[in-house]
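Please read the structure below before turning to the comments.
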Amino acid sequence: MPLATAMYGMRASNGVVLVTTRDRGPREFEINASAQYAVTEQLNTPKFVNAYDYATLYNEAQHNGNPTATPRFSAAQLQAWKDHTNDAYLAPDVNWYNTVYKPQSSQQRYSLDIAGNAKSYRYYASLEHFGQDGNFITSGKNSYNTNNDYKRYNIRTNAEIDFNESIRLGLNVFGSMENATEPGRTASTILNEIYATSPVSFPVFNKNGSYGGSSVFTANPHASAVNSGYQQTNQRTVAADLSLHLKLDKLVKGMWVKGMVSMNNWYTENINRSKTYAVYQLTDTANTKYTKVGTEGLVTEGTTTVPSQLRQSYYNVLLGYDKQWQKHALSLLGTYNLDNSIASFTQLAQVYKHFGLTATYDWNKTYLFEAGMTYGSLNRYAPSQRWGYLPSLGAGWIISNESFYHLPAVSYLKLRASAGQTAWADPSNYFLYMQNYVIGSTGYNVGETAAGVSGALESGIANTDITWEKAWKYNIGLDAGLLNNELTLSVDYYRNRFYDVLQQPQRVSGIFGQTYPLENLREIRYAGVEASVAYDHTTSSKLRYFLRGNIAFSGSRLLAADEPDYPHPWLYRTGSATSQQFGYVAKGFYTQEDIAAGIPGWQGYAPVPGDIRYEDLNKDGVINALDIRAIGTNKPLVFYGLNGGFSYKGFDVTILLQGAANRKIVLSPSTMAAFNNSYGNVQEFHKNRWTAATAESANYPRLTIGSNVNNDVASSFWLRSGNYLRLKNAEIGYTLKAGFLQRAKIQQLRFFANGYNLLTFKAMEEDWTPNRH
């Protein structure tokens with residue numbers, strides 16, 4: 001809703017997340033403590049085939065590419081793997097994933113809160129520790145941690161003091177320390193190594209205890225996890241805000257002013273203490289001799305870098321006026337704020353400035369009106385394009401307060417609507433209106449014998465007209481309460497038009513010789529319906545139960561994108577959903593009959609039975625870029641959730657279900673491919689590949705070694721449903737409130753068990769896990 005974000009000016013278009021700290025309500029002194037321990041495990045893990053299946057599929061893929069080639073794996077080797085009589089060192093069968101990853105890890109969270117309230121002051125303080133153990137194996141031989149652990153320590157203090165009835169001073173301070181570690185080779189690299197290493201490549205350890213490997217496989221995932229040193233990321237945050245609130249009733253009754261100064265500092269420090277390791281390849285079987293590949297390194301002091309940091313100062317002044325007389329209520333609020341942030345000492349500061357004014361009025365708590373306006377800027381735009389004025393209006397009608405209203409079943413009924421303009425001034429567009437240059441480039445060749453000479457080069461082209469993105473947002477809603485408001489209902493319809501959205505121009509020349517700048521060219525429409533319903537009831541026997549549900553339908557359409565003139569209508573993105581994915585339309589697999597009949601194939605490629613067949617949309621007898629069209633949206637069009645539970649005599653149970661529908665996922669063909677790097681790992685779903693015997697049931701094309709220009713393109717063949725329903729949270733607890741607790745001055749003690757992401761029901765095949773080559 002535009003009015004809800006109006007005062008956030010040029011940062012409002014994409015929504016605002018508001019965080020309210022704990023209420024400092026009436027309590028003399030209170031201590032709350034919480035301790036949680038959890039066991040975590042991965043939701044999905046890849047299912048790699050064993051050595052026998054790998055070797056069998058490899059021979060098949062090799063034969064598909066070259067029917068006369070000698071199979072890489074002999075019948076005797078296959079039989080040994082099948083019977084599990086293989087030599088563990090000469091013919092290994094390694095599940096690298098299970099070798100490196102633990103099935104479970106732990107998580108802890110501890111917090112201590114102290115709060116108090118007196119006549120003229122209020123305070124709140126909290127300490128919190130959160131720790132999550134990593135899921136890699138570790139080695140006791142290391143004097144340092146190589147696991148991918150995470151630890152966080154938070155401290156927060158909030159305090160207010162009333163000097164008198166008119167002056168209130170507030171101080172909030174927050175500090176945080178975060179420490180994360182991982183193996184020196186990094187977690188993502190190790191996972192990629194697992195996907196790229198087959199079960200037959202080499203053993204984890206050789207017979208002499210050294211790490212297995214070869215000149216081709218220089219990375220041993222096990223060694224990468226425990227013998228590559230470690231990396232550490234530390235983040236420190238310190239934030240404080242000071243506010244002073246003054247009542248100006250002696251000047252004008254109902255007027256007040258509040259000033260606030262906020263400082264926020266944080267930085268991230270990376271410590272790299274990785275090291276190299278060597279692997280050993282058995283090169284002389286008869287004499288058991290190994291060849292060393294790589295070098296054994298040592299963990300040293302390493303390097304320390306500060307990749308990101310922030311110094312932010314925020315100043316805000318608010319002037320308010322509240323007045324009630326007879327059946328009227330009026331509130332006025334004016335504000336000026338300045339946000340000055342430096343994200344790097346090598347960059348200029350980004351400065352937001354905003355002036356804002358809102359006015360709300362209601363008559364007899366029945367007719368509600370609100371108006372807002374802001375005038376703001378971001379200094380990263382040219383002075384002529386920097387400032388913008390953003391208006392918004394809203395109205396509400398509480399029909400149930402009317403004298404003519406007589407519907408006992410509906411105790412509350414409200415109709416509301418709002419409209420307004422919002423904006424998004426993207427700070428990542430770093431002074432794009434100014435022409436920048438790269439100094440010290442060797443891009444100039446001069447002399448009779450051409451030689452590179454250093455000089456200055458243009459760093460892209462400036463756009464002096466670039467400005468902030470804009471949106472007009474419209475909303476209409478209905479709120480209702482039934483059964484004495486035990487049952488509540490809320491429905492909203494919104495329609496938003498975003499324009500002047502930045503993109504690179506499409507109607508351009510390919511011989512320009514430089515990168516085209518971003519321009520305010522794109523226009524998008526978003527529309528949808530959101531609804532929520534809640535029922536909360538307490539019986540005479542103190543049994544309380546509740547049920548809350550919500551559902552949202554959302555859609556989008558690209559209205560303008562400066563597209564070039566395409567020869568066919570299906571090539572245009574304009575008119576499609578912004579999340580629409582484009583690719584080829586798959587028509588199953590080629591058969592020998594298709595090939596004999598001259599069914600069009602990929603341009604420059606002779607199709608083979610078992611290759612993916614595509615639709616020739618423009619009927620020109622060849623499959624190429626002119627046959628691409630929209631195939632599915634990757635963002636859900638429907639979101640829904642259900643939250644419910646009950647409590648009775650100290651026992652309580654709650655559950656949360658969450659889901660999404662009307663979403664399509666286009667899997668990356670290259671990451672789904674078997675043997676993509678000519679020898680990488682293979683998963684269970686590859687076993688359902690196309691063969692002459694499985695042509696009717698196969699859901700994966702024929703196997704090949706390396707990439708396949710025909711099969712490795714985005715198409716509807718790789719389209720899968722992204723719909724899911726998840727049991728997001730379930731909790732059962734018991735609260736003690738009486739008895740010996742009172743003598744120990746403990747108000748209540750609660751024990752609970754909680755489960756997170758316990759069950760997921762989804763349409764996509766469980767075994768389809770992308771390879772990470």
Answer yes when E301 and R273 have at least one side-chain N-carboxylate O distance shorter than 4.0 Å, and no when they do not. no
Does the side chain of L518 come within less than 4.5 Å of L432's, by heavy atoms? yes
Set of ring pair (Phe, Tyr, Trp, His ring centres under 6.0 Å) partners for Y315, sequence neighbours left out: none
For residues F685 and K47, determine if any side-chain heavy atom of one lies less than 4.5 Å from a side-chain heavy atom of the other. no
Decide yes or no for Q108 and Y110: does some side-chain heavy atom of the first lie under 4.5 Å from some side-chain heavy atom of the second? yes
Do Y101 and L191 touch side chain to side chain, with heavy atoms closer than 4.5 Å? yes
Heavy-atom side-chain contact between V682 and F675 under 4.5 Å: yes
Which label fits F431 and Y433: parallel for a plane angle under 30°, tilted from 30 to 60°, or perpendicular past 60°? tilted
Note: K102-E41 ion pair, threshold 4.0 Å (strictly below): no
Taking the six-membered ring for Trp and the full ring for Phe, Tyr or His, determine whether the centres of Y54 and W81 are under 6.0 Å apart. no
Not counting sequence neighbours, list each pair that qualifies as a ring-ring contact (aromatic ring centres under 6.0 Å, His included) and has a residue in residues 204-242. Y144-Y230, F202-F217, F205-Y211, F205-H222, Y211-H222, F217-Y679
Just checking, R72 and Y58: is the charged tip under 6.0 Å from the six-membered ring centre and within 45° of the axis? yes
If we count only N and O atoms by modelled type, under 3.5 Å, do the side chains of N145 and T181 hold a donor and an acceptor together? yes
Ring-face cation of R380 near Y430 (centre distance under 6.0 Å, axis angle within 45°): no
Say whether S341 and D339, considering side chains only, have a donor N or O and an acceptor N or O under 3.5 Å apart. yes
Beyond-backbone contact of D93 with V200, side-chain heavy atoms, under 4.5 angstrom: no
Quick one: does any side-chain atom of Q281 pair with a main-chain N or O of T218 as donor and acceptor, under 3.5 Å? no
One pair to check against side-chain contact (heavy atoms from CB on, under 4.5 Å): H129 and R152. What are the steps and the verdict? CA-CA 6 Å; H129 165 64; R152 183 183 69 232; over 6 Å; no
Non-hydrogen side-chain atoms of L112 and I31 separated by less than 4.5 Å: yes
Whether R236 and E269 form a salt bridge (side-chain N of Lys/Arg under 4.0 Å from carboxylate O of Asp/Glu) is what I want to check. no
So do R726 and L759 actually touch side chain to side chain, heavy atoms under 4.5 Å? no
Give a yes or no on this: more than 12 heavy atoms of other residues, nucleotides or ligands lie within 6.0 Å of atom CZ of R311. no
